[in-house]
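Read the numbers this way: they start at 1 and go in the same order the structure lists the ligands and their atoms. In this chain, residues are counted from 1 in sequence order.
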Amino acid sequence: MVAPKTEEAIELLRINGELTSKALAEVGKAVAPGVTTKKLNEVAETFIRDHGAVPNFLGYDGYPAAICASVNDVVVHGFPSDYVLKDGDIVSIDLGTKYKGYNGDSAYTFPVGEVDAETLNLLKVTKESLYKGIEKAVAGGRVGDIGHAVQSYAESFGFGVVRELEGHGIGRDMHENPGVPNYGHQGRGSRLTEGMVICIEPMITAGDRHVYLAKNGWAVHTADHKNAAHFELTVVVRKGKAEQLSTFEFIEKGKKVKF
Ligand code: MF3
Ligand code: CO
């Protein structure tokens with residue numbers, strides 16, 4: 001049984017969700033061919049600190065940066081580095097904030113310059129699979145309903161669903177119960193109750209779903225080195241319809257979204 005959050009706690013998570021969403025959009029504006037992923041980390045860290053929060057990834061289990069910048073075949077947890085983004089790459093930016101003792105956590109995969117149609121479709125389907133999952137984040141449902149929705153949608157396009165990592169509850173800790181897998185069966189798993197706050201984060205592969213951990217102990221790569229995409233939002237489980245605490249609207253507003 002996972003305890004629901006008080007509305008006071010949810011308000012602090014909402015503030016973190018909004019700041020995280022805005023930070024992600026700020027990084028998105030800086031994504032371009034010729035830019036290093038280290039530069040993107042600087043943009044994020046500066047923005048987060050300028051808003052009176054701290055980057056919650058930095059130092060988490062020894063993680064060395066404010067963001068994860070996962071390029072192409074890196075699924076998640078790529079370290080920002082001197083790698084220079086090039087036309088046709090995709091880069092998943094995952095970041096979070098800590099403000100007044102609570103956490104934010106969100107991710108978006110950005111195309112760099114001109115990206116081929118097949119890869120844009122991977123981004124589109126991964127983002128849509130996240131929304132399919134959010135539709136199931138309603139009181140009275142089960143965690144397996146979310147996983148099943150994500151999995152069945154992504155697999156219907158022939159994509160792979162990474163199983164080694166999953167979404168999670170969020171609150172005073174960035175990772176709380178329940179775990180939220182991106183695969184599963186309807187009606188199975190922990191029950192979803194009003195006021196639970198969870199992060200749903202599909203990690204979807206263009207090819208085979210299998211992954212391996214890099215020697216640095218963090219970066220997760222696709223085994224076949226094909227591209228992977230990752231999108232993450234934080235939501236409150238509510239009756240009838242989940243409430244989003246983070247959003248992609250700051251990234252996508254006023255833009256011609258290509259996927
Ligand atoms: N944001 C990741 C998640 O969704 C966690 C990043 S790991 C960290 O669970 F060490 F970088 F924080
Ligand atoms: Co997360």
Could you tell me which atoms of ligand 1, counted from 1 in the order shown, lie closer than 4.0 angstrom to a heavy atom of [X]?
| X | result |
| --- | --- |
| M174 | 12 (F) |
| C68 | 11 (F) |
| E232 | 1 (N), 4 (O) |
| H168 | 3 (C), 4 (O), 9 (O) |

key: Angle, OE2 of E232 through the Co ion (ligand 2) to OE2 of E201 - 10° precision   =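 OE2 of E201, the Co ion (ligand 2) and OE2 of E232 span an angle of about 90°.
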Would [X] and [Y] count as having a side-chain donor-acceptor pair, cut-off 3.5 Å?
| X | Y | answer |
| --- | --- | --- |
| E201 | H230 | yes |
| S106 | S246 | yes |
| N103 | N56 | yes |

With the threshold set at 4.0 Å, does a side-chain nitrogen-carboxylate oxygen contact exist between [X] and [Y]?
| X | Y | value |
| --- | --- | --- |
| K5 | E176 | yes |
| D73 | K226 | no |
| R142 | D145 | no |

Does any N/O atom on [X] come nearer than 3.5 Å to any N/O atom on ligand 1?
| X | result |
| --- | --- |
| H77 | no |
| D94 | yes |
| H175 | yes |

inquiry  = Using a 4.0 Å heavy-atom cut-off, which part of W218 comes near ligand 1: side chain, backbone, both, or neither?
reply    =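 Within the 4.0 Å criterion, W218 contacts ligand 1 through side-chain atoms alone.
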request  = Answer with side chain, backbone, both or neither: which part of Y60 has a heavy atom less than 4.0 angstrom from an atom of ligand 1?
outcome  =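 Y60 to ligand 1: contacts from backbone and side chain alike.
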ask   = Tell me, which N, O or S atom in D105 is closest to the Co ion (ligand 2)?
value =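 The D105 atom nearest to the Co ion (ligand 2), restricting to N, O or S, is OD2.
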request  = Quick one: sort the Y108 and F259 rings into parallel, tilted or perpendicular, breaks at 30° and 60°.
outcome  =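 Y108 vs F259 ring planes: tilted.
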request  = Tell me, with the steps shown, if E26 and K22 meet salt bridge (charged side-chain N to carboxylate O under 4.0 Å, His left out).
outcome  = CA-CA 6 Å; E26 208 56 30; K22 288 180 174 167; over 6 Å; no
task = For atom 1 (N) of ligand 1, state which one of L58, D105, L95, I67 supplies the nearest heavy atom.
result = D105
request  = Using non-hydrogen atoms of the residue, decide whether D61 is closer than 4.0 angstrom to ligand 1.
outcome  = no
ask   = Considering only protein heavy atoms, which is closest to atom 4 (O) of ligand 1, and at what distance to one decimal place?
value = E201 OE2, 2.7 Å
ask   = Mind checking whether the Co ion (ligand 2) has an N, O or S of H168 under 2.8 Å?
value =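 Within the cut-off used here (under 2.8 Å), H168 does place an N, O or S atom near the Co ion (ligand 2).
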message = Can you tell me if, anywhere in D94, an N/O/S atom lies at a distance from the Co ion (ligand 2) that is smaller than 2.8 Å?
response = no
query = Do the ring centers of H175 and H168 come within less than 6.0 Å of each other?
reply =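 So the answer is yes for these two rings.
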request  = Please step through salt bridge (charged side-chain N to carboxylate O under 4.0 Å, His left out) for the pair E243 and R14, ending with a clear verdict.
outcome  = CA-CA 10 Å; E243 176 194 346; R14 191 177 287 118; 2.7 Å; yes
